[in-house]
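A quick write-up on the structure given underneath.
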Amino acid sequence: MSRRVRRWWPFTLRGTGALLLAVAAFVIAQRAGIPELLYFATLMVALLAASAVALLLTRGAGTVSRAITPEVPEVGGSATVAVRAGLRSTLPSGPGRWRDVLPSGVTGLAEGPSPATASTLSGRGGGLQARYDIVGRTRGIHALGPFEIVTTDPFGLLRRRLALGRTTPVTVAPAVVDLGALPSASGEAGGTRQTTTLQLGQGADNLVARPYAPGDSMRRIHWRATAHRDTLMVRQEEQESSPAATVVLDRAVSRWSPAATHAPGSDAAFETAVTACVSVVARLVHEGYTVDVVDSDGTLLTDPVDGGDDVEARAAAAGFASLRARPDDPAHRVVPASAAALAGPVVVITGALGPEDRATLGGVANHSALPVLLVVTEHVELDRLRAGGWRAAILQPGGDVAAAWDDAMEQGYAGVGR
């Protein structure tokens with residue numbers, strides 16, 4: 001018997017046997033004229049009817065809570081779901097099975113045996129704790145549940161399917177791919193993460209000083225200020241300043257399939273672009289850059305991510321879980337107009353480009369310390385863009401983001417100071 005048939009067949013194996021025995025007893029009793037078999041068949045039917053009445057008259061209810069660890073799994077990443085379910089029923093039930101309904105955006109084996117449930121009249125009721133693993137299949141916000149428990153009547157002849165509690169949303173973020181390090185030339189032109197000290201003048205003697213506090217290093221003592229004020233002074237704390245970088249994710253639907261405007265996961269090329277975007281953000285942040293992520297029309301897609309904060313970079317990826325393509329803007333730009341004035345690294349991620357699109361990219365590479373162009377398409381001519389200063393690479397839909405990034409990084413340095 002297939003799983004779908006078993007799902008809707010109300011009789012358990014024992015109940016199915018009782019039903020077959022009743023039918024066989026009726027047939028044999030009529031043909032062989034054995035009244036005892038007729039009594040036996042009547043008893044079987046009465047038992048099945050009593051079981052059905054018990055299930056129909058007894059309503060079950062319960063609550064369900066789920067805890068997901070980690071809270072935001074990535075595409076291809078796993079998470080553990082811990083379920084606590086409580087079942088209340090006026091009649092006891094035998095052992096059964098539980099099942100948590102999974103959406104198409106995740107996969108996993110979310111079912112298992114459930115213990116027998118005591119009657120609430122006894123003051124105990126029933127409870128179930130279950131745990132299963134899921135793997136993110138497509139990014140988006142998906143709903144786990146409802147949680148189903150299949151219970152049986154006290155005789156174990158009929159089964160009943162109870163849907164308990166509400167669904168629980170789970171956010172599946174795009175996968176963050178580990179990309180290779182930036183070339184050293186980008187730091188020479190635009191700056192790796194750097195530390196500056198607040199100054200009042202041009203010499204070390206003019207550095208801002210403050211009173212000594214327990215825990216300060218003796219190497220930070222400002223001797224001239226100490227002698228002048230007759231109290232122990234230390235040089236002012238250094239302040240971190242992170243250079244800026246910009247990542248442009250071109251969401252104009254003309255670069256992608258119309259399916260990219262539908263649910264996440266509908267267009268393989270756009271999914272690859274989103275993965276590339278969050279991966280590039282993570283690499284730039286790790287390198288110490290504070291990163292702005294913008295659309296080609298200039299819209300900010302997420303809050304700026306501070307340089308050096310790898311945890312925040314991963315968390316920012318969750319904001320791209322439900323991102324889709326948008327209608328074209330009248331300007332039909334590949335990069336915002338402001339990108340031409342950016343001196344720091346600029347990474348542009350786009351789809352199929354036309355001749356007019358390539359022309360709009362020309363001025364950006366002349367100012368950027370690290371102009372990178374990732375084109376998600378089957379094939380495009382990039383020689384002119386590379387000659388114009390871009391580190392350009394083709395990224396196949398569903399292809400290797402890290403390999404395309406390495407291809408771009410291996411190209412000769414182009415940008416400020418060429």
Side-chain angles (χ1 to χ4, degrees), residues 72-77 136 139 172-193 242-250 268-294 301-302 304-321 323 335 339 342 344-351 364-365 368-377 382 385-386 389-415:
V72 183
E74 297 178 357
V75 173
R139 64 183 179 88
V172 178
V176 177
V177 180
D178 188 18
L179 303 181
L182 301 183
S184 58
S186 64
E188 295 166 8
T192 55
R193 194 179 186 191
S242 298
T246 302
V247 177
V248 180
L249 176 59
D250 186 359
F270 188 73
E271 295 305 303
T272 304
V274 174
T275 298
C277 177
V278 297
S279 302
V280 170
V281 170
R283 167 45 61 183
L284 291 172
V285 169
H286 183 75
E287 297 277 354
Y289 289 93
T290 294
V291 181
D292 288 324
V293 186
V294 298
L301 298 181
T302 186
V305 185
D306 293 333
D309 195 339
D310 295 337
V311 175
E312 184 181 354
R314 287 271 178 176
F320 293 84
L323 193 70
V335 293
L342 297 175
V346 175
V347 181
V348 178
I349 302 166
T350 186
V364 179
S368 172
L370 182 69
V372 180
L373 178 65
L374 298 179
V375 185
V376 187
T377 186
L382 299 178
L385 291 170
R386 288 168 177 164
W390 286 97
R391 295 172 181 260
I394 296 176
L395 176 55
Q396 299 287 336
D400 190 339
V401 176
W405 175 260
D406 290 342
D407 182 22
M409 292 301 101
E410 289 170 1
Q411 296 170 29
Y413 171 66

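Just so it is clear, the values below take in all heavy atoms, side chains as well, and ignore hydrogens, waters and symmetry mates.
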Exercise. Which atom names give the shortest non-hydrogen contact between Ala175 and Val75, and what distance separates them?
Worked result: CB-O, 3.5 Å
Problem set entry | Donor-acceptor contact below 3.5 Å, side chain Thr377 vs main chain Gly351 | no
Problem set entry | Shortest non-hydrogen contact between Ala173 and Ala317, atoms and distance | CB-O, 3.9 Å
For this session: Locate the shortest heavy-atom distance separating Pro397 from Ala268; write the atom from each residue and the value.
Result: CB-C, 4.3 Å
For this session: Could you check if a side-chain atom of Pro345 sits within less than 4.5 angstrom of a side-chain atom of Glu287, using non-hydrogen atoms only?
Result: no
For this session: Could you grab the distance from atom CD1 of Ile349 to atom OG1 of Thr275, nearest 0.5 Å is fine?
Result: 9.5 Å
Problem set entry | Heavy-atom pair with the smallest gap, counting every atom of Ala404 and Ala393 | O-CB, 3.4 Å
Exercise. Could you give the distance from CG (Leu385) to CH2 (Trp390), rounded to the nearest 0.5 Å?
Worked result: 8.5 Å
Exercise. If you measure from CG on Asp250 to CZ on Phe270, what distance do you get to the nearest 0.5 Å?
Worked result: 9.0 Å
Problem set entry | Donor-acceptor contact below 3.5 Å, side chain Ser368 vs main chain Gly344 | yes
Problem set entry | Thr272 side chain vs Gly398 backbone, donor-acceptor pair below 3.5 Å | yes
Exercise. What is the minimum heavy-atom distance between Ser279 and Val177, and which atoms define it?
Worked result: OG-N, 2.7 Å
For this session: Identify the two heavy atoms, one from Val247 and one from Val291, that lie closest to each other, and give their separation to 0.1 Å.
Result: CG2-CG1, 3.8 Å
Problem set entry | Intermediate values then yes/no, side-chain contact (heavy atoms from CB on, under 4.5 Å), Gln396 and Val376 | CA-CA 6 Å; Gln396 299 287 336; Val376 187; over 6 Å; no
Problem set entry | More than 12 heavy atoms of other groups within 6.0 Å of Asp310 CG | yes
For this session: Start with the C-alpha gap between Leu395 and Val401, add the side-chain angles, then the distance that decides, and say whether side-chain contact (heavy atoms from CB on, under 4.5 Å) holds.
Result: CA-CA 7 Å; Leu395 176 55; Val401 176; 4.1 Å; yes
Exercise. Only one of Thr350, Val348, Val346 clears side-chain contact (heavy atoms from CB on, under 4.5 Å) with Val335; which?
Worked result: Val348
Exercise. Out of curiosity, Glu74 CD to Arg139 CZ, how far, rounded to the nearest 0.5 Å?
Worked result: 13.0 Å
Problem set entry | Any donor-acceptor pair under 3.5 Å from Gln411 side chain to Arg386 backbone | no
For this session: Flag the pair Leu182 / Leu284 as yes when at least one side-chain heavy-atom distance between them is below 4.5 Å, and no otherwise.
Result: yes
For this session: Mind checking the CG-OG1 spacing from Leu370 to Thr246? Nearest 0.5 Å is all I need.
Result: 11.5 Å
For this session: Report the distance from atom CG of Leu323 to atom SG of Cys277, rounding to the nearest 0.5 Å.
Result: 8.0 Å
